[in-house]
Protein chains: 2
Amino acid sequence: MAEKEEVKLLGIWASPFNRRIEMALKLKGIPYDYVEEKLLDKSPLLLELNPIHKKVPVLVHNGKTILESLVILEYIDEAWPHNPILSQDPYERSKARFFAKLIDEQIFDAGFVSMARADEKEALVEKTRELIMHLEKELVGKDFFGGKSVGFLDFVAGSMIPFCLERGWEGMGLEVITEEKFPEFKRWVKNMEKIEIVKECIPPREKHIEHMNFMVQRVRSA
Amino acid sequence: MAEKEEVKLLGIWASPFNRRIEMALKLKGIPYDYVEEKLLDKSPLLLELNPIHKKVPVLVHNGKTILESLVILEYIDEAWPHNPILSQDPYERSKARFFAKLIDEQIFDAGFVSMARADEKEALVEKTRELIMHLEKELVGKDFFGGKSVGFLDFVAGSMIPFCLERGWEGMGLEVITEEKFPEFKRWVKNMEKIEIVKECIPPREKHIEHMNFMVQRVRSA
């Protein structure tokens, strides 16, 4: 079976939505072919596999296409149940899913828009901080969101906040997420940085910031 | 165990996000207390249980709060595994989740905005039709999205499209979703209308249209 499996991931190196999929595949030890896409020149294969959204990540597993990063993470956990990334407890699963949705919809949007639009920046940075405070509370007494070991919500939050939005490019405003005000969150970031598979998936800092500045300019001039 | 269970649902009668939860609870045969909320005067309980979004539906199960309708549906399927609403197959599950997300994010938004903003209406109605065409293709050769029996995506799509957006209040534009162009979708709607638990969850037509017109006026005047 293992020899015949086709696992292909179409991604963009700087995308938090893509990096979380790589973390999960690495945690499960699943070999995969990685295909780097270009943000401004998407491949015919990407457009064919994801005609509705035309976005990465796209996972192809034995000819089947799975789309949307949170859906892909759940798929990975179900198709390869070893080293689970979601708890077996329905309530814990529901919390992980709730916060993952919050991060992707509200924290990502607020973080991104706050960079692009000066007039809305202050309110959005404040909103982002409030949202991250909910994560702070979730982390009390825990090494990772799921408890002792890294998993679903760690990958979602990690790829988006400390290893993307919070990397501190000019004017982002998240430098106020200090150790004093967010001790649990900061402790969690340090725990994440110790995990080998996470380290492998964090984009190089300078190159990443350069890429994000380019994205901001595109949004501003759109 | 059954006697001790507390299952409470905070909802608003016209909300598609709420109606889908009721469909799932009824399919599973789970008794629940229903608490009707007011759109413009939310209860202290709702604000306490859902401080981030301040929205229905909210499910309370033995003191635990579960939020966000798609998350609640998954919780219901995991906490009460009988009469499953999601397939056991990871790929089928991923498709149901993908389309559910598409409906809630894009079809709902496009449908709602198209009513409220005349300048964007035509493009958004066209987009809605294109998105519903993807559902049309999914339904070929099937009675319901999951196959022979009603389930997760039927509840999500049903509560949102035929029994909400498509009910045909003035100017919505979805009257072009005809039997000629969308035969599978229309056949599916008829199948849905035959299901007793679905019928129980469809709001009364005239009252529903009146409510939606009120919502449109609120958005227009905001």
Side-chain angles (χ1 to χ4, degrees), chain A residues 17 21 49-55 57-81 86-107 109-110 127-128 130-135 137-138 152-153, chain B residues 17 21 49-55 57-81 86-107 109-110 127-128 130-135 137-138 152-153:
Chain A
F17 303 103
I21 306 303
L49 295 177
N50 192 358
I52 300 180
H53 301 302
K54 304 177 177 67
K55 285 193 307 193
V58 172
L59 185 74
V60 182
H61 181 206
N62 295 338
K64 288 170 180 149
T65 304
I66 303 102
L67 302 172
E68 294 279 357
S69 76
L70 299 183
V71 175
I72 295 172
L73 286 178
E74 298 238 20
Y75 177 85
I76 289 171
D77 213 27
E78 291 168 354
W80 296 280
L86 274 165
S87 163
Q88 293 306 297
D89 176 73
Y91 178 60
E92 291 299 324
R93 293 166 75 89
S94 81
K95 281 202 297 181
R97 287 170 177 145
F98 172 83
F99 283 113
K101 193 169 188 291
L102 187 76
I103 288 163
D104 279 11
E105 290 176 3
Q106 300 210 4
I107 297 185
D109 275 7
K127 185 184 170 190
T128 309
E130 274 174 29
L131 292 170
I132 294 174
M133 188 52 82
H134 292 287
L135 299 178
K137 288 173 193 159
E138 269 301 299
F152 181 86
L153 188 54
Chain B
F17 302 103
I21 306 303
L49 295 177
N50 193 357
I52 300 180
H53 301 303
K54 305 176 178 66
K55 284 193 306 191
V58 173
L59 185 74
V60 183
H61 181 207
N62 295 336
K64 287 169 182 152
T65 304
I66 303 102
L67 301 171
E68 293 279 358
S69 76
L70 299 183
V71 176
I72 295 173
L73 286 178
E74 298 238 20
Y75 177 85
I76 289 172
D77 213 28
E78 291 169 353
W80 297 281
L86 273 166
S87 163
Q88 294 305 299
D89 176 72
Y91 178 60
E92 291 299 324
R93 294 165 74 90
S94 81
K95 280 202 297 180
R97 288 168 176 147
F98 172 83
F99 282 113
K101 192 169 188 293
L102 187 75
I103 287 164
D104 279 11
E105 290 175 5
Q106 300 210 2
I107 297 186
D109 275 5
K127 186 184 171 190
T128 309
E130 274 175 29
L131 292 170
I132 294 174
M133 189 52 84
H134 292 287
L135 298 178
K137 287 175 194 158
E138 267 302 298
F152 181 86
L153 188 54

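Naming: A, B, ... by sequence-line order, numbering from 1 per chain. Note that the structure is predicted; figures quoted are calculated from it, not measured.
To the nearest 0.5 Å, atom OG1 of residue B:T128 and atom CD1 of residue B:I132 are 6.5 Å apart. Atom CD1 of A:I52 and atom CE of B:M133 lie 12.5 Å apart (nearest 0.5 Å). Atoms CG and OG1, on A:L49 and A:T65 in that order, are 4.5 Å from each other to the nearest 0.5 Å. Separating the CG atom in B:L86 from the CG atom in B:L73 is a distance of 8.0 Å, to the nearest 0.5 Å.
Residues B:L67 and B:I72 are not in side-chain contact: their nearest non-hydrogen atoms beyond the backbone lie 4.5 Å or more apart. A 4.5 Å side-chain heavy-atom check between B:L59 and B:Y75 finds at least one atom pair inside the cut-off.
The choice from A:E74, A:R97, A:H134 that makes the most heavy-atom pairs within less than 4.5 Å of chain B is A:R97. Between chain B and the options A:V71, A:I76, A:D89, A:L70, heavy-atom pairs under 4.5 Å are most frequent for A:V71. Among B:H53, B:K95, B:E130, B:E78, the residue with the largest count of heavy-atom pairs under 4.5 Å with chain A is B:E78.
Contacts between A:Q106 and chain B at a heavy-atom distance below 4.5 Å involve the side chain alone, from C-beta outward. For a residue to count as touching a neighbouring chain, one of its non-hydrogen atoms must lie under 4.5 Å from one of that chain's; by this rule A:L131 touches chain B with the side chain only. Contacts between B:R93 and chain A at a heavy-atom distance below 4.5 Å involve the side chain alone, from C-beta outward.
Of residues 98-105 of chain B, those residues lying under 4.5 Å from chain A by any heavy-atom pair are B:F98, B:K101, B:L102, B:E105.
Nearest heavy-atom pair across A:I21 and A:P57 is CG1-CG, 3.8 Å. Nearest heavy atom pair, residue A:H61 against residue A:I66, reads CB-CD1, 4.2 Å. The heavy-atom pair separating B:L153 from B:A96 by the smallest distance is CD1-O, 3.8 Å.
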